[in-house]
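One structure below.
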Amino acid sequence: MADRPIFDDNKRYLTYSSYLKRRFGKKVFKVPLNIGLGCPNRDGTKGTGGCIFCSHKLSGDFAGDPGEDIRKQFDEVRAVLHKKWEDALYIPYFQAGTNTYGDTELLRSLFERAAGFENAVGLSVATRADCIDGEKADMLASLAERTYLTVELGLQSIHDRTAALCNRCHTYEEFLHGFGLLKERGINVCVHMINGLPGEDREMMLSTAEAVGALGVHSVKIHLLHILEGTVLGEMYRRGEASAMEMDDYISVVCDQIERLPRDIIIQRVTGDGAAKELIAPLWSIKKFCVMNGIDKELRRRDTYQGIYARF
């Protein structure tokens with residue numbers, strides 16, 4: 001196509017790695033951290049049990065040991081990466097749990113400390129939109145003035161019926177409120193979406209992507225629903241109450257979503273990692289690079305690219 005935009009990494013969408021390399025001039029890695037925070041839909045504040053797909057590690061399966069100091073967690077990961085990329089830069093990533101669900105000043109001190117680690121060029125903070133209030137948003141805004149900050153919000157789906165089934169314990173309207181507090185302060189927001197949630201069809205997944213695209217977000221993560229041992233979803237799957245997507249269907253939906261996301265939105269992920277030892281289904285997802293290559297091939301086959309059908 002004559003008007004096809006030029007993306008780096010031989011891709012037809014704007015990857016996170018290419019964005020970071022353009023911004024900082026070299027390879028940048030996110031280093032997952034775990035400060036042992038909980039979640040309001042686990043401790044009874046809003047619900048119990050957590051989201052049906054969430055592991056006992058609170059989506060921090062690859063983060064560090066919360067019993068260790070964050071500096072030690074950071075150094076352990078950085079030491080491994082440094083062997084291959086001696087001059088790499090890093091973004092400390094508060095990944096596990098709900099990282100604005102705690103005392104504001106304590107969180108501020110942890111975030112500021114991590115932002116000052118050697119070769120750290122930014123900060124990522126994963127949380128829930130219903131755990132953002134004015135005080136937390138102001139604290140994050142002050143951080144964003146001094147470093148490249150991204151706040152990651154686990155939306156997963158705009159459909160409240162799905163949210164209720166998944167025990168998310170907050171509505172899309174509540175998500176928009178928390179998102180708005182960040183957006184009005186100029187804070188970069190990355191929104192997580194999950195394809196394959198129980199009860200959702202293709203059109204529902206596409207409408208989530210289109211709605212997120214219309215919000216003017218900084219970036220998105222597109223995840224595949226992983227069915228893990230020790231989760232409510234795992235029990236549902238074994239009872240025949242939930243199913244796993246087939247790889248071809250997943251690739252097709254992701255390509256549809258990429259086509260509908262505006263060109264300037266960074267796509268941090270097009271699939272996710274499920275802990276192999278705990279993964280029940282879909283087993284094909286273990287071969288992550290096969291999935292990523294499948295997405296690239298399908299976009300080439302269609303001769304389409306990110307934003308070709310975007311309405312915003």
Side-chain angles (χ1 to χ4, degrees), residues 16 29-43 45-47 50-51 53-74 77 90-117 120-156 168-170 174-175 177-183 185 187-194 217-221 223 268-269 272-273:
Y16 192 43
F29 293 96
K30 290 173 77 172
V31 178
L33 303 174
N34 187 342
I35 55 175
L37 293 181
C39 184
N41 72 339
R42 282 182 178 264
D43 65 12
T45 301
K46 301 198 74 172
C51 293
F53 49 77
C54 191
S55 73
H56 66 281
K57 295 183 179 179
L58 282 75
S59 297
D61 298 85
F62 302 102
D65 180 350
E68 294 183 343
D69 182 77
I70 59 170
R71 181 62 202 235
K72 184 178 181 183
Q73 294 181 43
F74 178 82
V77 175
Y90 304 96
I91 295 176
Y93 176 27
F94 290 81
Q95 180 185 32
T98 305
N99 291 284
T100 58
Y101 190 49
D103 178 76
T104 302
E105 291 310 311
L106 175 60
L107 292 170
R108 184 198 302 273
S109 68
L110 289 167
F111 297 159
E112 288 181 346
R113 185 176 168 220
F117 288 165
V121 293
L123 201 67
S124 285
V125 176
T127 189
R128 291 163 53 99
D130 61 337
C131 290
I132 298 290
D133 56 20
E135 181 181 65
K136 295 293 195 310
D138 287 341
M139 179 268 290
L140 292 165
S142 69
L143 283 169
E145 292 174 356
R146 288 168 281 153
T147 192
Y148 167 59
L149 172 71
T150 304
V151 176
E152 302 194 15
L153 299 180
L155 171 62
Q156 324 311 357
R168 191 178 69 193
C169 295
H170 71 271
E174 289 175 287
F175 167 86
H177 175 72
F179 170 81
L181 291 173
L182 299 172
K183 180 75 171 177
R185 289 165 172 79
I187 298 170
N188 297 323
V189 178
C190 174
V191 175
H192 291 223
M193 304 180 289
I194 294 181
V217 299
H218 168 265
S219 51
V220 298
K221 285 185 176 178
H223 293 277
Q268 290 203 28
R269 275 186 176 274
D273 297 301

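- In this structure, the side chains of Val191 and Phe175 come closer than 4.5 Å at one or more pairs of heavy atoms.
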Note to self: Could you walk me through whether Asp43 and Tyr101 satisfy the side chain to side chain donor-acceptor pair (under 3.5 Å) test, starting with their C-alpha distance in whole Å, then the side-chain angles of each, then the deciding distance to 0.1 Å, before giving a yes or no?
What the structure shows: CA-CA 11 Å; Asp43 65 12; Tyr101 190 49; 2.7 Å; yes
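- For the pair Glu105 and Met139, the minimum side-chain heavy-atom distance is 4.5 Å or more.
- The minimum heavy-atom distance between Asp103 and Leu106, with the atom names listed, is OD2-N, 2.9 Å.
- Between the side chain of Arg185 and the backbone N or O of Leu181 there is at least one donor-acceptor pair closer than 3.5 Å.
- Tyr93 has its side chain out of reach of Val31: every pair of non-hydrogen atoms, C-beta onward, lies at least 4.5 Å apart.
- Residues Tyr148 and Asn188 have side chains in contact (heavy-atom distance under 4.5 Å, counting atoms from C-beta outward).
- Across every non-hydrogen atom of Ile70 and Leu110, the tightest pair is CD1-O, 3.9 Å.
- In plain terms, the two heavy atoms of Met193 and Val220 that are nearest each other are CE-CB, 4.3 Å.
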Next item on the list: Please assess His192 against Glu152 for the test side chain to side chain donor-acceptor pair (under 3.5 Å), listing each intermediate value before the final yes or no.
Entry: CA-CA 7 Å; His192 291 223; Glu152 302 194 15; 2.7 Å; yes
Note to self: Using the rule given for side-chain contact (heavy atoms from CB on, under 4.5 Å), can you reason through Thr98 versus Leu37, listing the C-alpha separation, both sets of side-chain angles and the distance that settles it, and then say yes or no?
What the structure shows: CA-CA 6 Å; Thr98 305; Leu37 293 181; 5.6 Å; no
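- When each of Thr104, Thr100, Thr127, Asn99 is paired with Lys136, the side-chain hydrogen bond (donor to acceptor under 3.5 Å, both in side chains) condition holds for Thr104 and for no other.
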Checklist line | Working for side-chain contact (heavy atoms from CB on, under 4.5 Å), residues His170 and Lys46 | finding: CA-CA 8 Å; His170 71 271; Lys46 301 198 74 172; 3.7 Å; yes
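- Judged by distance alone, with hydrogens and angles left aside, the side-chain atoms of Gln73 form a donor-acceptor pair with the main-chain N or O of Glu68 at under 3.5 Å.
- Between the side chains of Lys30 and Gln95, no donor-acceptor pair is found at a separation under 3.5 Å.
- Residues Arg71 and Leu33 have side chains not in contact (no heavy-atom distance under 4.5 Å, counting atoms from C-beta outward).
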Next item on the list: Report the C-alpha distance between Phe29 and Ile91 in whole Å, list the side-chain angles of each, state the deciding distance to 0.1 Å, and finish with yes or no for side-chain contact (heavy atoms from CB on, under 4.5 Å).
Entry: CA-CA 6 Å; Phe29 293 96; Ile91 295 176; over 6 Å; no
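- Considering all non-hydrogen atoms of both residues, Ser219 and Thr150 come closest at OG-CG2, 4.3 Å.
- Summarising the geometry, atom NE2 belonging to His218 is positioned 8.5 Å from atom SG belonging to Cys190; distances are rounded to the nearest 0.5 Å.
- The two atoms that bring Ile35 and Pro66 nearest to each other are C-CB, 4.4 Å, heavy atoms only.
- Side chains of Thr147 and Val121 form no contact here, defined as non-hydrogen atoms less than 4.5 Å apart.
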Margin query: Assess the residue pair Asp69 and Arg113 against the criterion (salt bridge (charged side-chain N to carboxylate O under 4.0 Å, His left out)); give the C-alpha distance rounded to whole Å, side-chain angles, the decisive distance to 0.1 Å, and a yes or no.
Written below: CA-CA 11 Å; Asp69 182 77; Arg113 185 176 168 220; 2.7 Å; yes
Margin query: Quick one, Val217 with Phe179, criterion side-chain contact (heavy atoms from CB on, under 4.5 Å). Give me CA distance, side-chain angles, the key distance, then yes/no.
Written below: CA-CA 9 Å; Val217 299; Phe179 170 81; 3.8 Å; yes
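- Residues Val189 and Leu153 meet the side-chain proximity criterion, which asks for heavy atoms closer than 4.5 Å.
- A salt bridge is absent between Asp138 and Arg108: the closest approach of a Lys/Arg side-chain nitrogen to an acidic carboxylate oxygen does not fall below 4.0 angstrom.
- Judged by the 6.0 Å and 45° rule, Arg269 forms no cation-pi pair with Tyr16.
- Between Pro40 and Cys169, the closest side-chain pair of non-hydrogen atoms is not below 4.5 Å.
- For Ala115 against Ala120, the heavy-atom pair with the smallest separation is O-CB, 3.8 Å.
- Within the model, atoms CG of Leu140 and CG of Leu149 stand 6.0 Å from one another, a figure rounded to the nearest 0.5 Å.
- Note: Phe94 and Phe111 have perpendicular aromatic rings, judged against thresholds of 30 and 60 degrees for the angle between ring planes.
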